[in-house]
Amino acid sequence: MTAAKSVLTPLSTTTQLTSQFGTPLDDAIENRAMLGSLQYLLISRPDIAFVVNRLSQYMHCLTTDHWTCVKRLLRYLAGTVNEGIQLYHHSSTSIHAFFYADWAGNKDDFSSTDLHIRVPNCPVIYCDNVGATQLCSNPIFHSRMNHVTIDFHFIREQVQNGSLRVAHVSSNDQLADALTKPLPRPRFLQLRRKIGLLSRSPS
């Protein structure tokens with residue numbers, strides 16, 4: 001892979017990852033180890049979060065198609081080896097989250113993450129779906145939505161007690177897109193810069 005040609009995005013927009021395509025790998029131990037290692041890289045490389053987490057969903061049944069995607073990801077990383085998130089001791093502790101409104105497209109789980117971080121200000125979730133934003137704060141909309149999952153009820157309760165704020169953001173400024181789906185190269189590169197991925201000079 002060291003001589004492989006680099007690519008500008010970690011995943012093609014036309015790639016459909018499922019367990020149904022490709023031939024099952026005879027020995028997927030090396031592939032599983034590779035995906036496990038890539039999980040650690042997510043700490044400083046959120047630009048690969050979508051593809052790594054998506055591939056990890058198939059660790060129990062990896063196929064040749066999945067391995068092709070892993071190799072593409074490695075080609076992307078080879079071309080962006082000096083990129084990463086810079087965190088400083090004087091960085092703000094304010095939390096701003098970007099919510100992808102189609103998160104329920106995957107019905108497998110609705111888990112959430114508790115970061116256990118004390119923050120001086122109320123965290124803000126930015127959502128590009130006007131209906132979802134209104135649902136979080138307007139009880140009139142809430143009364144008409146009996147089928148909404150428990151996560152929305154939890155978020156609405158947090159908004160009502162002042163622990164959380166949900167704000168609308170335009171689709172052009174929705175940073176969650178870079179973390180939740182494959183994007184065309186220009187859009188991916190634009191969002192990669194916006195989420196704070198910096199190029200460091202090699203030491």
Side-chain angles (χ1 to χ4, degrees), residues 1-17 34-57 66 68-106 112-113 115 117 119-130 132-133 155 164-203:
M1 293 294 308
T2 55
K5 183 179 176 185
S6 65
V7 292
L8 294 174
T9 60
L11 184 66
S12 167
T13 56
T14 59
T15 301
Q16 297 293 318
L17 290 174
M34 176 69 67
L35 285 172
S37 298
L38 289 169
Q39 286 285 344
Y40 286 104
L41 188 57
L42 295 178
I43 294 168
S44 63
R45 293 296 303 264
D47 54 326
I48 63 169
F50 173 73
V51 66
V52 171
N53 289 324
R54 190 79 170 118
L55 285 167
S56 295
Q57 294 175 4
H66 299 132
T68 299
C69 288
V70 169
K71 290 192 292 189
R72 179 190 172 98
L73 175 57
L74 293 174
R75 290 171 51 209
Y76 169 75
L77 289 171
T80 59
V81 71
N82 293 319
E83 308 235 340
I85 293 286
Q86 293 284 334
L87 301 175
Y88 302 98
H89 72 278
H90 60 275
S91 296
S92 169
T93 56
S94 295
I95 293 180
H96 296 270
F98 288 79
F99 173 70
Y100 179 49
D102 192 36
W103 63 272
N106 182 352
S112 60
T113 303
L115 299 177
I117 298 174
V119 292
N121 303 320
C122 176
V124 180
I125 295 179
Y126 294 98
C127 179
D128 64 354
N129 183 301
V130 175
T133 305
I155 295 292
L164 185 66
R165 191 166 63 89
V166 176
H168 181 261
V169 65
S170 74
S171 292
N172 286 338
D173 295 323
Q174 179 54 282
L175 302 183
D177 286 352
L179 308 175
T180 56
K181 58 186 171 186
L183 296 170
R185 181 180 358 159
R187 178 74 173 145
F188 177 78
L189 295 176
Q190 174 194 36
L191 291 180
R192 191 175 73 176
R193 282 188 302 275
K194 283 187 173 183
I195 61 175
L197 215 62
L198 302 175
S199 184
R200 301 174 302 248
S201 42
S203 23

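Along the sequence shown, the residues carry numbers beginning at 1. This is a predicted model, so every value here is computed, not measured.
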List for me each residue that meets side chain to side chain contact (heavy atoms under 4.5 Å, CB included) alongside [X], sequence neighbours excluded, and say none if there are none.
X: Val7; answer: Arg72, Arg75, Tyr76
X: Ser171; answer: Asp128
X: Ser56; answer: Leu35, Gln39, Val52, Met59
X: Glu83; answer: Arg45, Thr80, Arg192, Leu197, Ser199

> Taking all atoms of both residues into account, what is the closest heavy-atom pair of Pro46 and Ile195, and its distance?
Replying inline: CG-CD1, 3.9 Å
Measuring from atom [atom1] of [X] to atom [atom2] of [Y], what distance do you get when rounded to the nearest 0.5 angstrom?
X: Thr9; Y: Leu183; atom1: OG1; atom2: CG; answer: 9.0 Å
X: Leu189; Y: Asp47; atom1: CG; atom2: CG; answer: 10.0 Å
X: Gln174; Y: His168; atom1: CD; atom2: NE2; answer: 9.0 Å
X: Leu73; Y: Met34; atom1: CG; atom2: CE; answer: 9.0 Å
X: Phe50; Y: Leu179; atom1: CZ; atom2: CG; answer: 10.5 Å
X: Leu11; Y: Phe188; atom1: CG; atom2: CZ; answer: 9.5 Å

> With Ser12, which residues qualify under side-chain hydrogen bond (donor to acceptor under 3.5 Å, both in side chains), at least two apart?
Replying inline: Thr14
>> Applying side-chain hydrogen bond (donor to acceptor under 3.5 Å, both in side chains), can you list everything that pairs with Ser170, at least two apart in sequence or on another chain?
In response: Asp173
> Passes side-chain contact (heavy atoms from CB on, under 4.5 Å), Leu38 versus Leu77? Steps please.
Replying inline: CA-CA 10 Å; Leu38 289 169; Leu77 289 171; 3.6 Å; yes
>> Once salt bridge (charged side-chain N to carboxylate O under 4.0 Å, His left out) is applied, do any residues pair with Arg187, and if so which ones, sequence neighbours excluded?
In response: Asp177
> Any side-chain heavy-atom pair from Cys69 and Leu55 closer than 4.5 angstrom?
Replying inline: yes
>> Quick one: does any side-chain atom of Thr133 pair with a main-chain N or O of Asn129 as donor and acceptor, under 3.5 Å?
In response: yes
